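Notes follow the structure.
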Amino acid sequence: MEEKNTEKYFAANQSYLFGFLVNLTLLVCIALLLYGVFGESMRGIFAQPQPVPEVVQKQNRKQRAVAAVDDFDRVENGIHVPTGLVFAEGFDVVRGTCTACHSAKLVTQNRATRAGWKGMIRWMQKTQGLWNLGKNEPIILDYLAKHYAPTEAVRRPGLDVAAIEWYVLDLAEEAVVQKQK
Ligand code: HEC
């Protein structure tokens, strides 16, 4: 009687211990998982912000300054990146003059002949307060007429009449076909 009770006691105790170990393992796993997922971001909450060393600060400032200058003058595939203008003879004058009041986009989005550009300049002079361009005007017009001329794709290509295969439209035959339907 006494012995049986002790056995029972140990058996119960063992299963209790087993359950406890399983739970503990599960808890540890969950904790590890949570740490894996959120550990990095939680560390940021408790970490003290590290002061950036003076040397690095100086370096960063220098890099930013260089980057700004770089960007201001960057040319890719013949296009001046900040303005989008074609980088070619007359560019400096055009940038200096034609981006004073509005974005260079107004220029780059337009296409016109030399006379057309001259007309736009006159219009701006008459109505928008554009100053007399003086000796810069021919430089600007040369540049615009060369790089922002009307594109071929905009104009419909002329018809080559000789190459067209003409045919005679037979209305009588057409009528028969219509009737049969
Ligand atoms: C004094 C200021 C000023 C200067 C400098 C200036 N523009 Fe303009 N331009 C204007 C104004 C204002 C408009 C009208 C903007 C709008 O409609 O939003 C305009 C419009 C334009 C347009 C659009 C015209 C249209 O029919 O839609 C073009 C193209 C243009 N400018 C080209 C130039 C070029 C090229 C130069 C350099 C020679 C130049 N602008 C310099 C003031 C100026």
Side-chain angles (χ1 to χ4, degrees), residues 37-38 40-45 47-175 177-178 181:
V37 175
F38 298 111
E40 201 58 43
S41 45
M42 279 186 326
R43 215 172 299 155
I45 299 171
Q48 291 294 320
Q50 292 288 320
V52 181
E54 186 65 22
V55 186
V56 177
Q57 272 184 23
K58 246 187 205 160
Q59 227 168 14
N60 284 348
R61 266 200 299 273
K62 210 173 180 181
Q63 269 168 9
R64 270 201 298 273
V66 168
V69 169
D70 259 13
D71 220 45
F72 193 68
D73 285 331
R74 209 163 84 224
V75 175
E76 267 171 28
N77 304 322
I79 300 291
H80 178 249
V81 176
T83 57
L85 287 166
V86 173
F87 190 74
E89 203 185 327
F91 163 78
D92 280 329
V93 178
V94 170
R95 175 170 65 174
T97 312
C98 306
T99 61
C101 302
H102 49 66
S103 152
K105 276 219 178 88
L106 271 188
V107 181
T108 57
Q109 283 170 351
N110 272 284
R111 295 287 179 278
T113 57
R114 194 185 166 92
W117 281 112
K118 200 169 182 172
M120 280 189 248
I121 287 175
R122 291 289 172 272
W123 170 78
M124 276 180 282
Q125 285 170 331
K126 235 182 250 164
T127 62
Q128 310 297 337
L130 176 61
W131 51 89
N132 191 340
L133 298 174
K135 66 174 170 39
N136 280 340
E137 187 170 300
I139 299 172
I140 291 170
L141 283 175
D142 283 348
Y143 173 94
L144 293 172
K146 186 169 175 192
H147 302 292
Y148 297 97
T151 50
E152 285 308 314
V154 172
R155 278 189 271 173
R156 182 175 61 82
L159 288 178
D160 184 356
V161 179
I164 295 173
E165 277 182 44
W166 298 99
Y167 62 92
V168 179
L169 181 62
D170 191 338
L171 286 176
E173 202 173 285
E174 189 82 356
V177 172
Q178 285 291 325
K181 275 186 187 169

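No experiment lies behind these values; they were computed from the predicted model shown. Ligands are counted one by one from 1 in listed order, and the atoms in each one are counted from 1 as well.
- Judged purely by atom type and a 3.5 angstrom limit, T97 has no side-chain atom pairing as donor or acceptor with the backbone of V94.
- The closest donor-acceptor contact from the side chain of H80 to the backbone of F72 lies under 3.5 Å.
- Residue-environment remark: CD (Q57) exceeds the threshold of 12 foreign heavy atoms within 6.0 Å.
- Taking the ring axis of Y143 as reference, the NZ or CZ atom of R95 does not stay both within 45° of it and closer than 6.0 Å to the ring centre.
- Contact detail for C98 and I140: the closest heavy-atom pair is SG-CG2, 4.4 Å.
- Using modelled atom types, no side-chain atom of W117 and backbone atom of L141 make a donor-acceptor pair closer than 3.5 Å.
- Closer than 4.0 angstrom to ligand 1 lie heavy atoms from T97, C98, C101, H102, L106, V107, N110, W117, M120, W123, M124, Q128, G129, L130, W131, I140, L144.
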